[in-house]
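Counting from 1, the numbers follow the sequence of the chain as shown. On a predicted model such as this, the values are computed, not experimentally measured, just so you know.
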Amino acid sequence: MFLLFGANAGAFAQNETDSVNGGIVEKLFDTADKVVASMGRGSWTFIPALTYAPETSFGIGARAIKVFKPSNVSDSVTRPSSLPITFLYTLNRQAIFTGEIDLWTDHNRSYLNGRIELTDYPFWFYGIGQETGRDAEEYYATRYFYFHLDYERKIARGIYLGPRYEFRADDIYQKLPGGALDSGRIPGSSGQRLSGFGMVLNYDTRDHIFQPSEGVFHRLSYMGFHSLFGSNFNFGQYVLDARKYLGLNNGQVLVGQAWLSFTSGNAPFQHVSLIGGSDLMRGYFEGRFRDRHAMVYQTEYRIPVYRHLGIVIFGSAGQVAGGLPAFGWDRFKWGGGLGFRYQISEDGLTLRLDIAFGDQRAFYFGLNEVI
């Protein structure tokens with residue numbers, strides 16, 4: 001009888017403890033949801049932007065994002081459009097303003113994307129090639145304006161085709177005296193003005209824009225920059241971005257990506273193929289390795305944890321090369337890490353915190369998924 005009572009008392013105490021712990025957890029998530037809800041003003045979400053990446057150190061500013069459908073769209077088929085606007089100032093004395101429009105109309109038969117950047121960007125250059133060492137690092141600072149616009153029209157089920165225009169102008173106002181950029185031998189080291197036209201071909205069967213769990217997104221683009229368009233560098237660039245989303249049990253998702261970039265002609269160092277940063281090879285500094293051609297393979301395993309919280313396990317492999325024969329299995333750089341996600345809208349927008357390991361340990365805090 002004592003054992004039975006003890007067992008019942010233990011079970012009661014355990015249930016009570018679980019209830020208390022569960023109540024605390026629920027209150028924490030309720031508070032988080034209220035904080036997220038307080039960021040919204042109608043269709044706009046305003047986020048005090050505190051970011052971190054190796055390329056910027058800590059950044060503080062503001063981010064606003066509007067998720068909407070055009071006023072003449074009332075169906076449930078047309079994908080949500082988005083308008084993010086961001087201003088950041090970082091501890092590396094970088095000032096960054098970006099605005100972008102992702103516009104879906106006409107029952108997903110038309111897609112328009114435009115982006116503008118105004119940036120004062122002190123940065124680091126490690127040289128050209130796969131084997132550049134950290135001792136080759138040199139500081140430079142540039143002010144640049146960037147703009148692109150592409151319009152795609154659906155030509156078959158899931159297939160979109162359309163033109164693209166890009167413009168970028170750099171004023172490099174500071175270099176390391178006696179460094180590689182200061183020597184004038186590196187294309188683009190005295191600044192650049194790029195203007196080019198190209199074409200984009202997409203095959204897109206994703207079930208959602210912000211949080212896809214099924215389908216593919218394959219994008220092939222070609223850009224040609226030429227003096228006929230006002231560019232002071234003549235070169236071409238092909239980029240293939242192929243992604244596959246596979247839904248598993250209990251809301252888990254496995255994602256794979258292959259990204260390939262091939263450059264021909266006389267491209268400036270700012271626009272050759274490069275790896276590193278928050279989108280390609282987390283754990284490596286953005287532009288840590290750059291050359292005419294590059295390839296990156298990435299995978300993510302996304303796991304829902306509780307309510308709006310999830311975790312992501314990711315890995316990547318990549319390399320750069322001056323010519324296609326130089327690519328090799330033994331030349332891959334490897335990276336990986338763990339991330340946390342918190343969904344902040346019904347459309348699937350998420351806050352992202354990643355801890356990555358490559359040739360350095362790096363932290364990334366930002367908005368939305370990488371792939």
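The CE atom of M223 sits 4.0 Å away from the CD atom of E166 when rounded to the nearest 0.5 Å.
Checking N234 against N266 by side-chain atom types alone, no donor-acceptor pair falls below 3.5 Å. Under 3.5 Å, the side chains of E117 and T98 contain no donor-acceptor pair of N or O atoms. In summary, the side chains of R63 and T86 do present a donor paired with an acceptor at a separation below 3.5 Å, with no hydrogens or angles considered. In summary, the side chains of N92 and Y121 do not present any donor paired with an acceptor at a separation below 3.5 Å, with no hydrogens or angles considered.
Paired with Y165 under the rule ring pair (Phe, Tyr, Trp, His ring centres under 6.0 Å), one option of F197, F229, Y151 passes, and it is F197.
Between the side chain of D204 and the backbone N or O of R206, at least one donor-acceptor pair lies under 3.5 Å.
Between H148 and Y146, a ring centre-to-centre spacing shorter than 6.0 Å is recorded. Annotation: F225 is in aromatic contact with F235 [ring centroid separation under 6.0 Å].
Atom CZ of F332 has more than 12 heavy atoms from other residues, nucleotides or ligands within 6.0 Å.
Cation-pi geometry between R282 and F314 is met: under 6.0 angstrom from the ring centre, within 45 degrees of the axis.
Counting only heavy atoms from C-beta outward, the side chains of L274 and V320 never approach each other to under 4.5 Å.
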